[in-house]
Amino acid sequence: MCGIAAAALRSKFRMEMIPLLLEFLKALEYRGYDSAGIGVYDEVNRRIIIWKKKGKVESLAKILRNVRVRAPIGIAHTRWATHGIPSDINAHPHTDCKNEVAVVHNGIISNFRELKEKLEESGHKFVSDTDTEVIAHLFEEYLKSMPPFEAFEKTIRSLKGYYAIVMITSKDPTKIFFARKESPLVIGRGSKGYFLSSDMVSLLGSAEEVAVIEDGEYGWITEDDYFVTGKNRRELSFFKPSWTPQQAMKGQYEHFMLKEIYEGPTAIKETLVGILSDDNIFKAAEMMDEHVVAVAAGTSYHASLIFSYLYMKHTGKYIITLDASEAPHYKNLLRGTVIAVSQSGETYDTLKAVRLAKKNGAKIIGVVNVLGSTLDRESDISLRLRAGPEIGVAATKTFLAQLTILYALTYAKVGMDLEETLRPLPEVVKESLEMSAGYAKALANKLYQKRDMYVLGTGISNFVAMEIALKIKEISYIHAEAYPAGEAKHGPISLAEKGFPVLIAWTPEDEDKLEVADEEFSSRGSEVYWIAPEKDIPIPKVSWEIVPFAVTPPGQLLSYYLAIKRGLDPDKPRNLAKSVTVH
Ligand code: AGP
């Protein structure tokens with residue numbers, strides 16, 4: 001998944017093009033950071049200039065430090081490689097044979113090979129291994145015989161796959177062409193001009209209003225206007241972004257991840273305000289019929305597992321919970337009510353499951369953080385987190401906000417008082433963070449050189465163990481694996497040996513089972529540590545239902561401090577991206 005952005009600037013702001021594009025890229029970097037690049041139209045020398053570099057945006061910014069260009073239009077890209085290894089030549093923007101076109105793209109062009117062959121046969125020379133480059137040459141080919149917008153229209157009509165594209169040509173240096181097919185794209189406007197981006201967060205400092213480009217729409221922007229077509233509308237519905245630029249900054253924290261861990265209590269509080277401000281949660285509860293399926297990926301999947309467990313405990317009914325990437329194998333189950341949980345609202349696998357479910361006539365309840373995201377718009381009811389932007393690749397505060405919504409949904413279904421049951425949650429998280437922070441850091445200092453570890457749980461803490469293991473894997477690269485405590489003796493305990501670390505995610509549901517697992521491992525020389533009241537990483541004593549809010553935050557801190565101790569960047573872990581909008 002990549003980040004794309006573009007700006008069409010009014011005359012007096014055109015010397016700001018390069019710093020503005022870099023600002024967009026810095027805010028988009030969480031979407032991928034294998035390479036970065038920008039392309040602008042230099043209106044003095046009347047030509048397109050491109051700078052692009054393997055590595056993070058900082059490397060690109062270094063080579064642009066003393067560059068001054070007056071540019072009416074510019075595009076930018078930060079890459080998560082799908083086709084072609086991360087390299088300078090495979091970085092976006094890509095151009096045509098004559099350097100009269102520049103394009104950046106997020107998604108996959110599934111028919112690029114056949115297009116590339118035909119273009120090479122007609123003499124086009126390709127320089128990269130990417131699918132994206134074919135878009136530039138196709139546009140070049142059509143520009144030979146038609147005006148730019150018609151050529152652009154013909155270009156995108158030739159593409160298969162899914163994409164968000166922004167493209168410029170020196171044949172019309174007033175316009176930036178855009179097209180959206182599944183991959184996210186928003187448009188913004190403000191005093192400086194018009195903008196395009198993969199997400200709203202990056203535009204917060206420049207756009208006073210934003211609007212979502214819908215699937216299948218395309219058009220252009222200029223410094224003071226836009227045109228959109230492709231579906232049945234000509235006017236976009238602009239709105240003021242609900243997030244502020246400050247929310248998308250690190251503030252006094254060294255990393256977004258640490259800031260967002262400590263924003264957990266506020267994320268819950270704000271989400272609770274949202275829940276209580278309308279009756280969506282009750283409408284959603286009403287919509288849940290006899291056949292309910294939850295579908296999600298990664299951390300959102302773990303939140304769904306906790307939801308399914310809690311719901312079963314309260315109603316005796318089981319909510320089938322599917323890992324989104326596997327959901328197509330269960331398409332016969334994707335009917336009735338489908339609850340899709342996704343922070344970004346753009347996860348390809350989750351959206352694919354939602355579309356399969358809709359084909360089966362299912363009603364969709366979305367649980368989503370990003371307003372205007374695809375899931376937000378494709379759900380019959382969208383239950384929105386109010387966690388604010390989450391920039392760190394690791395989901396932290398949004399996991400707790402998702403749980404808040406899912407707990408509210410369960411309690412609404414069984415007629416429990418939402419305010420009374422949910423009001424204490426922020427304080428539980430706050431107290432857990434305060435009690436555990438120093439101990440989590442100390443334990444990270446002990447464990448940071450380990451290669452493998454287990455995280456054991458039981459009952460509701462099984463799913464907390466899975467979430468903590470994911471955090472540790474994705475942020476510190478230590479191979480942490482979660483198991484039900486009782487399951488360990490059916491094979492996993494073969495890894496027990498002197499110095500093998502085991503973390504216990506506590507719950508009061510069956511402490512004996514956790515104690516036995518501790519004994520089984522310790523007696524074989526393993527180092528067993530508990531996230532539990534009055535134990536290695538102390539937390540408040542809570543009921544089994546509240547365990548996820550007390551045990552998860554210390555696990556998030558532990559993964560953060562493990563990464564720091566190992567000299568890693570917790571905000572930009574290798575090979576990952578914040579929202580996986582590709583297969
Ligand atoms: C969690 O820390 C990871 N970043 C990842 O597993 C994430 O939860 C998953 O990709 C789902 O993202 P979504 O909630 O935006 O759909």
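Start at 1 and go down the list; that is how both ligands and their atoms are numbered.
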| Aromatic ring pairing Y348/Y162, orientation class (parallel under 30°, perpendicular over 60°, tilted between) | parallel
| said: Can you confirm whether the side chains of N90 and T130 place a donor and an acceptor under 3.5 Å from each other? | reply: no
| Which of the atoms in ligand 1, numbered in the order shown and given with their element, are less than 4.0 Å from a heavy-atom of K471? | 1 (C), 2 (O)
| query | T350 and S342: side-chain donor and acceptor closer than 3.5 Å? | reply | no
| Short list, please: which atoms of ligand 1 are under 4.0 Å from a heavy atom of A395? | 1 (C), 2 (O)
| Is it the side chain (CB and beyond), the backbone, both or neither of T299 that lies under 4.0 Å from ligand 1, heavy atoms counted? | both
| Is there a heavy atom of E346 sitting under 4.0 angstrom from any atom of ligand 1? | no
| request: Begin with the C-alpha distance, continue with both residues' side-chain angles, and end with the deciding distance and a verdict on side chain to side chain donor-acceptor pair (under 3.5 Å) for S202 and S197. | output: CA-CA 7 Å; S202 57; S197 177; 2.6 Å; yes
| task | Run the ring-centre check on Y262 versus Y560 and record whether the distance is less than 6.0 Å. | result | no
| query | Any side-chain donor-acceptor pair under 3.5 Å between Q402 and H302? | reply | no
| query | Going by the order shown, which atoms of ligand 1 are within less than 4.0 Å of some heavy atom of V393? | reply | 2 (O), 4 (N)
| request: Would you check the N or O atoms of T350, main chain and side chain alike, for any that come under 3.5 Å of an N or O of ligand 1? | output: no
| task | Show which atoms of ligand 1 fall inside a sub-4.0 Å distance from at least one heavy-atom site of A394. | result | 2 (O)
